[in-house]
Amino acid sequence: MSLTKDDVRKIAFLARIRVPDERLEPLAGELNNIVGWVEQLGEVNTDGVEPMTSVVETETPMRKDEVTEGGITDKVLSNAPDGEGPFYGVPKVVE
Amino acid sequence: MTYLIQGETGDWEVVIGLEVHAQAITNAKLFSGAPATFGAGPNENVSLIDAAMPGMLPVINEMAIEQAVRTGLGLRAAINKYSVFERKNYFYADLPQGYQISQYLHPIVGEGVVTLDLSDGSTRDVGIERLHLEQDAGKSIHDQDPKRSMIDLNRAGVVLMEIVSKPDIRSPEEAGAYLKKLRAILRYLGTCDGNMEEGSMRADVNVSVRPKGADELRTRVEVKNVNSVRFVMQAIEVEAERQVEVWEDGDEVVQETRLFDPNKGETRAMRTKEFAHDYRYFPDPDLLPVRFDDDFIERIKATLPELPDDKKDRFINDMGLSAYDAGVLVADRETAAYFEDAAKGRDAKTVANWLTTNLFGALKKLDKGIGESPVSAIHLGELVGLIEDETISTKIAKDVFEEMLKTSKAPGDIVEEKGLKQITDTGAIEAIVDQVIADNPEQADEVRGGNDKAIGWFVGQVMKASQGKANPGQVNGLLRAKLLG
């Protein structure tokens, strides 16, 4: 698998990372190195092996259906740069 | 029954699939301990997890799993003992994580079925493709500030069950019936309140058209967030007609998301977002797969209530109701419970009649639900009992019923207070009959002269003289004996 300049542009857009045009080509090279390195895993025969979901054999922890949080509007909003009253403020989104 | 759109080139068939987002009934959110309830002030029901603060880890609410399994069982669906939460990546202001935690390749519930009750009394099965769990997003408010949108995250992280149907629906009517039936099932199960107006049940509609008789599936369009059964039906109608026109003009329908505008009665394309459908799902590394065993499923199965389809069958087979009446009564869990309470030890058909005609009519006028009915189920049953044992006639029963609506009193008390008890004492009725004949010699002669029809007039007079309390059968017999015998 090989990433093109256009793939990199698209990935950057989806991740909302601004990448100047002249950086696309070098980035494609770097990313291809990483992907190529990871692809070495393909050499291992994994027939009949279940995907590993965790490095420890453990059950999913679950919480009881109880209200234990909330009521901290001030804290939740304390880092919001453009809030007003009890709301976050963001650039207008029009649909 | 087939719904077809007549185009210029021939008839077109509509293919519809629905994606319903049903908010699961839980106390807390899917991955946090913040309240999942409505009505709090903006951003009050928000934990640091819901606000996606760095380093916060989601922990699954066990009730969400239970409600999803319960719903799956109610949809007669395959329950997957292994399911995986994945990240659906996209950027939007009301999605603080930058991804929605959802399920993709391994949903918690697989294929099932919903049986539609159609208006002509027939039924039709619609397949369920899957049900998966996911987080709701926050709410954007656009009209408070000219330059900014305001964000309230109270809803962010609330438990949603996305229920996806197969493209088995063929008409607006079927789509409406599907939503109503799905809502009834969810309400019976107690897994969602099904309130479309408040947004706890929302529907996206996938619509495509094809020439009648064709097998192909053509490009579909997704119509978003249509928030009532009526609007869903209207949206399908106008969108299908639009597509027929596009194809017949020699153009192609493009796969896109459109919004239904109920005021203009049209759908319009949403501003197309480039790459909008590239969600780059991958298993959420913060969450282990969900696993449970058969015991867990069996424990939930044991708590299931009788569902609408089973109840309908029982009403038809054991209680002798028509398919139509049974369908009407089971459509709402409260109505079905009311009916069963009222029908205990009475003639079920008579009770069903009083309920669907008299009580429903009265409640509609009062703008009240069955839960607020001034006439209790026990009292309605008693009223039918009074008719059955001939304490009162059906006609008097209607007056008693009116009084019950006004005062919520027991029918027996009303009959007692107002002295409405039917007169079955032959002597007493005979006295009234004699008096009426004596007062109306001309009409009596008419009857004697062979005008049978005039006897009806006499029955009316006697009933009137007895203030409706005489037993009509006895009155008729006595009149015939005296005038014709």
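Note on naming: letters A, B, ... go to the chains in the order of the sequence lines (proteins, then strands), and numbering restarts at 1 for each one. These numbers were taken from a predicted model, which means no experiment stands behind them.
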Could you pull out the closest heavy-atom pair between [X] and [Y], with the gap in Å?
X: B:F31; Y: A:R63; answer: O-NH2, 3.3 Å
X: B:P42; Y: A:T73; answer: O-CG2, 3.8 Å
X: B:N43; Y: A:F87; answer: ND2-CA, 3.6 Å
X: A:K92; Y: B:S149; answer: CA-OG, 3.5 Å
X: A:T60; Y: B:P289; answer: OG1-O, 2.6 Å

key: Steps toward side-chain contact (heavy atoms from CB on, under 4.5 Å) verdict (A:E84, B:Q144)   = CA-CA 10 Å; A:E84 190 174 292; B:Q144 299 214 333; over 6 Å; no

Check this for me: [X], atom [atom1], are more than 12 non-hydrogen atoms of other residues, nucleotides or ligands nearer than 6.0 Å?
X: A:R18; atom1: CZ; value: no
X: B:E198; atom1: CD; value: no
X: B:K88; atom1: NZ; value: yes
X: B:Y281; atom1: OH; value: yes
X: A:Q40; atom1: CD; value: yes

Between atom [atom1] of [X] and atom [atom2] of [Y], what is the distance when rounded to the nearest 0.5 Å?
X: A:M62; Y: B:I65; atom1: CE; atom2: CD1; result: 4.5 Å
X: B:D278; Y: A:I11; atom1: CG; atom2: CD1; result: 9.5 Å
X: A:Y88; Y: B:R148; atom1: OH; atom2: CZ; result: 14.5 Å
X: B:N27; Y: A:T68; atom1: CG; atom2: OG1; result: 11.0 Å

Give the member of [options] that has the highest number of heavy-atom pairs under 4.5 Å with chain A.
options: B:L153, B:N89, B:L287; answer: B:L153
options: B:T37, B:D94, B:V46, B:N45; answer: B:V46
options: B:N61, B:I49, B:T26, B:V290; answer: B:N61
options: B:E62, B:M53, B:R291, B:K29; answer: B:E62

Side chain, backbone, both or neither of [X] within contact of chain A (heavy atoms, under 4.5 Å):
X: B:I141; value: side chain
X: B:S32; value: both
X: B:P285; value: neither
X: B:N154; value: neither
X: B:P35; value: both

request  = Evaluate the side-chain proximity of B:L48 to A:E69: yes if any heavy-atom separation is below 4.5 Å, no if none is.
outcome  = no

ask   = Which atoms of A:D74 come close to chain B, meaning under 4.5 Å heavy atom to heavy atom: side chain ones, backbone ones, both, or neither?
value = neither

ask   = Counting heavy-atom pairs under 4.5 Å to chain B, which of A:G70, A:G83, A:G85 comes out on top?
value = A:G70

ask   = Hey, which of A:V76, A:D82, A:D65, A:I72 has the most heavy atom pairs under 4.5 Å with chain B?
value = A:D65

